[in-house]
Amino acid sequence: MAITFPRQMPVGGVASQSFDPLRVDYLTPTVNGRISGVTAGTPLWAMKLSLRDGDEDEVAEWAAFLDSLRGSQRSFLAGDLTRPYPKAYRDGFDGLTRAGGGAFTGTATSWSVNADRDIVTLNGLPAGFVLSIRDYVMWRWTNGGVQRRSLVRLIEPAVANASGVAQVSVAPPLPVLSPSTSLAALKGPQGVMKL
């Protein structure tokens, strides 16, 4: 069977993980103690993994996965292993209903973003849906047959109103490359990564 990229990262045998935005910032301090700063480009997600002593199959799976990536040539999907769902819904969304009716599958029916791209409005959530600090929102779409992703993390808690609408403050800001037709998802949030 042919492997398609970006491919899914294995999760067995992981002992620890860090998953945080990697920023390139430039500062301009002055003699009076004031500092101005600017970010060079869109922050990228950086992940570090430590593997535990695994069994032979886990070790083989990781070795084959790393071999398949050909260094940094091929991409893979990865996210924060501690948050495959929002904190308040660690076991998933079974039994949740959208405020407008219908089963909630973990995707917003629509979304919008402010001019600074750091406050996102999600529509079509269950009424009273709870989002916590460090929960993630992923935007996914396909471009030219290739899977694309944008990923942000909540920096303030939020609760959906009775109409199933929640405004969430996020970091890093949602990249402008995310098309308005992309799907905003809270289930299994991942980014496209390379070694």
Side-chain angles (χ1 to χ4, degrees), residues 6-12 14 16-23 39 42-47 49 75-143 147-193:
R7 71 176 302 189
Q8 193 65 48
M9 180 188 84
V11 295
V14 175
S16 66
Q17 178 193 40
S18 67
F19 192 82
D20 294 295
L22 177 64
R23 305 173 56 90
T39 299
T42 302
L44 300 175
W45 288 93
M47 177 179 66
L49 287 176
S75 58
F76 63 99
L77 298 172
D80 186 338
L81 298 176
T82 66
R83 292 285 175 99
Y85 293 96
K87 181 180 178 184
Y89 308 94
R90 292 184 191 270
D91 296 326
F93 305 124
D94 288 346
L96 293 180
T97 304
R98 294 184 192 277
F104 179 65
T105 60
T107 60
T109 55
S110 63
W111 60 274
S112 60
V113 63
N114 69 344
D116 290 333
R117 305 192 70 81
D118 60 356
I119 298 176
V120 176
T121 301
L122 300 172
N123 303 300
L125 304 177
F129 190 81
V130 175
L131 291 161
S132 304
I133 293 171
R134 292 189 66 86
D135 284 346
Y136 294 83
V137 183
M138 166 185 67
W139 282 262
R140 65 177 183 246
W141 68 98
T142 303
N143 186 3
Q147 295 182 58
R148 307 287 186 193
R149 302 282 189 278
S150 289
L151 187 65
V152 299
R153 179 163 65 195
L154 271 67
I155 56 175
E156 290 185 312
V159 177
N161 65 20
S163 299
V165 177
Q167 279 195 331
V168 296
S169 296
V170 300
L174 180 64
V176 293
L177 62 85
S178 308
S180 60
T181 56
S182 59
L183 187 66
L186 301 165
K187 176 183 177 182
Q190 298 178 315
V192 178
M193 306 189 87

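Scope of the values below: all heavy atoms of this structure, side chains included, with no hydrogens, waters or symmetry mates.
The CG atom of Leu154 sits 10.5 Å away from atom OH of Tyr136, with the distance rounded to the nearest 0.5 Å. Once rounded to the nearest 0.5 Å, the distance linking CZ of Arg148 with OG of Ser178 reads 11.5 Å. In this structure, OG1 in Thr105 is found 11.0 Å from CG in Asp94, a value given to the nearest 0.5 Å. Rounding to the nearest 0.5 angstrom, the gap separating the OG atom in Ser182 from the CG atom in Leu177 is 9.0 Å. We find the CD1-CD distance between Ile119 and Glu156 to be 8.0 Å, quoted to the nearest 0.5 Å. Going from atom CG of Leu183 over to atom CE of Met138 covers 7.5 Å, rounded to the nearest 0.5 Å.
Inter-residue side-chain proximity for Pro157 and Ile133 is flagged as met; some heavy-atom pair is nearer than 4.5 Å. A heavy-atom distance below 4.5 Å is not found between the side chains of Trp139 and Val113. Using a 4.5 Å heavy-atom threshold, the side chains of Val120 and Val137 count as separate. Arg90 has its side chain out of reach of Tyr85: every pair of non-hydrogen atoms, C-beta onward, lies at least 4.5 Å apart.
The minimum heavy-atom distance linking Thr107 with Ala185 is given by the pair CG2-CB, 4.0 Å. Heavy-atom minimum distance, Trp45 versus Pro172: CZ2-CD, 3.6 Å. Nearest heavy atoms, Ala78 versus Met9: CB-SD, 3.9 Å. For the residue pair Ala162 and Ala127, the shortest heavy atom distance occurs at O-CB, 3.7 Å. Closest approach of Asp80 to Arg134, counting heavy atoms only: OD2-NH2, 4.0 Å. Among all heavy-atom pairs drawn from Leu81 and Gln17, the shortest one is N-OE1, 2.8 Å.
Every ring pair (Phe, Tyr, Trp, His ring centres under 6.0 Å) that Phe104 has, sequence neighbours left out, goes to Phe93, Phe129.
Arg98 places a side-chain N or O within donor-acceptor distance of the main-chain N or O of Gly124, the cut-off being under 3.5 Å. Not one N or O on the side chain of Arg149 forms a donor-acceptor pair closer than 3.5 Å with the backbone of Val192. In this structure a side-chain-to-backbone donor-acceptor pair under 3.5 Å is missing from Ser169 to Ile155.
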Criterion side chain to side chain contact (heavy atoms under 4.5 Å, CB included) on Val152 and Val168, from CA distance to verdict: CA-CA 10 Å; Val152 299; Val168 296; over 6 Å; no

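The only member of Asp118, Asp135, Asp20 that meets salt bridge (Lys or Arg N to Asp or Glu O under 4.0 Å) when paired with Arg153 is Asp20.
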